[in-house]
Every structure is written in C-alpha cells, then in structure tokens.
Amino acid sequence: MLDLKFIRENPDVVKQGIENKNEKSRIDEVLELDKKRREILVIADELKSKRNRVSDEVAKLKKAKEDATALIEEMKGVGEDIKKYDDERINVEAELNNLLAYIPNLPHSSVPVGKSAADNVEVRRWLPEGYNLDDPTETPDHLQIGKNLKILDFERGTKISGSGFPLYMGDGATLERALFNFFLDFHLEHHGYQEVMTPFIVNRESMKGTGQIPKMEEDMYTCEKDGMYLIPTAEVPITNIYRNDVLEESSLPIKYCGYSPCFRREAGSYGKDTKGFLRVHQFNKVEMVKFAKPEGSYDELEKLVNDAEDILKALNIPYRVLMLCTGDLSFSAAKCYDIEVWSPAEKKWLEASSCSNFEDFQARRANIKYRRSDDKNLSLFIHLMDRDLQPVG
RNA sequence: GGAGAGAUGGCAGAGUGGUUGAAUGCGGCGGUCUUGAAAACCGUUGUGGGCUUAUAGUUCACCGGGAGUUCGAAUCUCCCUCUCUCCGCCA
C-alpha cells in the first residue's frame, strides 16, 4: 500500500510510476475520496469537540448540584448528527481503502522502464568452468529423467489430488528433501540467516498483510469453513511474524530463512508452461525475508541476490541475473532481480529465484515499524525484501 | 464441544457512568549531586488522523475487536476474537 499523503502530494509521480508498471491508474478517484473524507472529518470533529465541551459543563453543574437539563436537552440531537457523519466517513474510507489496495508499488528509479519480459536487462551470468551453452547434445528433460529413474510419478500424483500435484518417490523424494535441507544449512552457515518454520495455513489478515489479497484472491486455496488460506509462499507467514509490531533499530536487519510447501491454484493459466514442474499447484520452496532499515535496503537487496548466487555456484549450475523492467515487476515490488538457470534439455533459461525489494509497501500494509535508537519517539515503516528458491523445477 | 476466569500505556498493576490519556511501581530519557559511577532527588516519557497564519498551536480518536445505551463510557448491554483453568473428544 502506498502512503496516502504521498499520493496527495505527488499525484503525477504516482501516475507515471503506475503507467510504467503497465497498470491502470485510479489516482484521481483516490484524491477525490481523500478530499471528501477530510471534509467530513472536519465537520464530525467539530461536533465531537462541542459534545466533549458540553459534557464537561454538565459534569460541573451536577457536581455543584445545579440544574443541567437545558444543556442536556440542547445536546440530544448532536449524538445522532455525529453518527451520521461518522457513518458517511466510514463508507468513504472503505471505498478509498479498496482503491488503495489495488494501487501497485512504484518502481525504484534504478529500474529500466519497459513493457514486458523482453525489456528485462541481463546484469551478469555465471557458467561453470568449460561449460558450453551451445552444446547441441540432446539432454533428457526432468520428466523423462523422473520416469526413467522412477523417482517422479505425475500420473499417480494426479490420482491422489489432481493435475499439478507432484509425487516424488524413493530417491526423488530424498533428493528434494536433501536440496531444501542444503539451501537452509548453506544460508544459516554462510550468510547468517535465522531459520523459521511457520504455519502453512494462515488467516485473512496475514494474506492482506503481504498483499495476496485482494488482488490474487482467485489464486489462493481456501479453507472456507475456517476463513483460512493455504500459503502460496512462506513470504506470507514470515512477513506476518511482525505484523503490527514496532521493532528496535538495533535488531535490524532481521534475516529469516524458512522452508515451506507452497499452494497455488494457478487459475486461468492452463496451457501455458504447464509441463511437469513448470507450473504446479504444490511445490517446495525455501524463502528468505529481510526486515531492514530504509537507508540500507538496496545494499541488502544486492546481498540477497549474492546469497542466492552462492548456492547455484556451490551446485555448479549455470545461471544469469536479470533486472526486471518496470513492466515486468510484480504488484508489490519496487525492484526485482530474477535468477534464471540454464536448462540443457529445453535449451533456455528458466526462472529459479526472484529477489525483490518492496521498500515500505508491505510494511505499511502489515503495519511493521521500527523505532530509531536516536529518537525513541519516531517510528518508521521498515523495508521488506524477500527471495525464494525452488529446489527442483 | 461444555463450564468458569480474564484481556488497561514498554512491562507490572489500579480504576465499575462525569476535568481519566488514564493512579502507583518498574523501565526509558533529561537534569541536580559526584573525580567518575551507583544511590538519592527533580522533571519528562504512547500511537494515529485532521485543521491552521504550520521546527509551533489546536482538535479528534484509541483501555482485545465490533455494535448499542447515554448529554457523557476504560467503566453499563450485546456479539466476536484471543489467553488461562477444569471436563469431554482425539485420525
């Protein structure tokens, strides 16, 4: 969520940012509602002020054992008026908040303006010693390997749950477990992250806190009876660890790393990249989330990318780092690097990891602040960033 | 699932209709004293939203969340959530 005050004061900057992100702008409506809200607020506040004043008068008169019925009579209607204006304000606010929830984060100034994935910029690539991307040798894809070794059984996964629910067997299951175990151990040992294991089903407030709701509501698996959601990424529970909290500056940056299964309905995406692991309803992921001060957040983002690269180097996997252009950025991101690994079977780069800085966009939504140590009274929204990495796929 | 108890400021803990944004203690911050520190003493100490002739002033809201009663609610009524204790159930 963007800061309403910032929108009010910089409507053109906001509009331009949204346009660069290929999203639609409803800023004028927001500004109008914001104005309306403040007008109503002033009227209601004045009435409340009067009510408070007169109530004190009544209290004084009663204490002095004098007659207060005239004042009480005078105030009889005021309560109803206040309620009328408050109700009106609540309606306007609901409409306003609904609009705000659909306004994306603005791209950082260092992000190249572009329309689509074609405009993303390759920042660097790394290949193992002597690796040749143009090697024409036919390599079996993961489906074929999985079948040959009897370590993946998509057909039976479909029988158990439906399509898009992978079943790992024997060494396949062991490999999957070994990989996310390795990711976790590597980051804990070398990069100073703290491991967390979170609930995998969360409430609606948590989903709102990281912005999956309302925009992505259709893509979530729900437990309707309980009003709960299966997490689409561990980013949701990890970020919400500190929802409505004020952190101490000295504790920052906080670096969490956690494994979770991820559940996504992938509504409306059939027929596109649906082969094998490329787009499934349940997959495993190791997620990293940093809670940082605004000043250093872009340095932290670079480190986050480097941490991810270290893993791929350790596994000897060819990769490249892309900086996403404005048009390809996700709703909440201000800046994002994708790490793509080379698939020798498909002869193309496949996304393996995504490192985003959300700045204070999610922190404002989730109400996560920190208190500066030089000024105990000042609390600011912290900057959040996250990174995910999938074991197999 | 049934019965009971509870939820107040950073923490502990008063307050059951009228100057209560909230006693008191602890903690934090500033100061006095001291060569320095401790102790003692004095002062100060929440968040958010508005308005204005805007490093200030003023106002509104907030005592788990929501609705209600009232001229006036932390305090009374109703609903919800969560925590604790006891009973039942438990793949």
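The analysis underlying the following values was restricted to heavy atoms, covering all of them including side chains, and did not include hydrogens, waters or symmetry mates. Per chain, numbering begins at 1; letters A, B, ... match sequence-line order.
When the P atom is compared between U58(B) and U45(B), the two are found 15 Å apart, to the nearest whole Å. Only the C1' atoms considered, U52(B) is 35 Å distant from A67(B), to the nearest whole Å. G27(B) and G18(B) have their C1' atoms separated by 33 Å, given to the nearest Å. G15(B) and A22(B) have their C1' atoms separated by 8 Å, given to the nearest Å. Comparing the same atom, C1', in U75(B) and in U16(B) gives a spacing of 5 Å after rounding to whole Å. Comparing the P positions of U44(B) and G25(B) gives an interatomic distance of 13 Å, to the nearest angstrom. Comparing A7(B) with A14(B), their P atoms are spaced 9 Å from each other, to the whole Å. Between the P atoms of U69(B) and G1(B), the separation comes to 32 Å (whole Å).
Regarding contacts with the backbone of C51(B), a side-chain N or O of R38(A) is found under 4.0 angstrom from either OP1 or OP2. At G50(B), one or more side-chain N or O atoms of R8(A) fall inside 4.0 Å of OP1 or OP2 (strictly under the cut-off).
We find that CZ of F6(A) is positioned 16 Å from P of G49(B), with the value rounded to whole Å. Distance E39(A) CD to U52(B) P: 11 Å, rounded to the nearest Å. For the pair Y370(A) OH and U47(B) C1', the interatomic distance rounds to 17 Å; values are reported in whole Å. Protein atom CG of N367(A) is 18 Å distant from nucleotide atom P of G46(B), rounded to whole Å. Residue E205(A) contributes atom CD, which lies 14 Å from atom C1' of C80(B) at whole-angstrom precision. Rounded to an integer number of Å, the gap from L4(A) CG to G48(B) C1' is 13 Å. Distance CG (N52(A)) to P (G18(B)): 15 Å, rounded to an integer number of Å. Atom CD of E46(A) and atom C1' of A61(B) are 16 Å apart (whole Å).
Evaluation of the salt bridge (Lys or Arg N to Asp or Glu O under 4.0 Å) rule for D12(A) yields no partner, not counting sequence neighbours.
In this entry G10(B) has C26(B) as its Watson-Crick or G-U wobble partner, both defining distances falling under 3.5 Å. Using N1 to N3 plus N6-O4 or O6-N4 for Watson-Crick, or N1-O2 and O6-N3 for G-U wobble, each under 3.5 Å, C90(B) pairs with nothing. With a cut-off of 3.5 Å on both pairing distances, U70(B) has no Watson-Crick or G-U wobble partner at all. Base pairing analysis places A37(B) opposite nothing; no Watson-Crick or G-U wobble pair with both distances below 3.5 Å involves it. Base-pair partner of G21(B): not found among the strands shown (Watson-Crick or G-U wobble, both distances under 3.5 Å).
Residue pairs meeting the ring-ring contact (aromatic ring centres under 6.0 Å, His included) criterion with at least one partner in residues 59-115 of chain A, sequence neighbours excluded, are H108(A)-Y298(A). For residues 204-227 of chain A, no pair satisfies ring-ring contact (aromatic ring centres under 6.0 Å, His included), with sequence neighbours left out. Residue pairs that meet the side chain to side chain donor-acceptor pair (under 3.5 Å) test with at least one member in residues 35-44 of chain A, sequence neighbours left out, are D34(A)-R38(A), R37(A)-E93(A). Screening residues 312-335 of chain A for ring-ring contact (aromatic ring centres under 6.0 Å, His included), with sequence neighbours left out, gives W126(A)-Y319(A), F331(A)-F361(A).
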Contact state string [nucleotides 64-72 of chain B, B base, S sugar-phosphate only, - no protein heavy atom under 4.0 Å]: -----S-BS
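Nearest-nucleotide mapping onto RNA chain B: of D45(A) and K60(A), the residue sitting toward the 5' end is K60(A). The residue among K5(A) and S49(A) whose nearest nucleotide of RNA chain B lies closer to the 5′ end is K5(A).
Note on ring orientation: taking the six-membered ring where Trp is involved, the planes of Y193(A) and H191(A) are perpendicular (angle over 60°, cut-offs 30° and 60°).
A side-chain donor-acceptor contact under 3.5 Å links Q16(A) and N20(A). Side-chain polar atoms of E176(A) and N284(A) form a donor-acceptor pair below 3.5 angstrom. Under the 3.5 Å distance criterion, with hydrogens and angles disregarded, no donor-acceptor pair is assigned to the side chains of K335(A) and S356(A).
Listed nucleotides: A61(B), G49(B), C51(B). Nearest to the side chain of V42(A): C51(B).
The residue R37(A) sits close only to the backbone: its heavy atoms come under 4.0 Å of sugar-phosphate atoms, none of a base.
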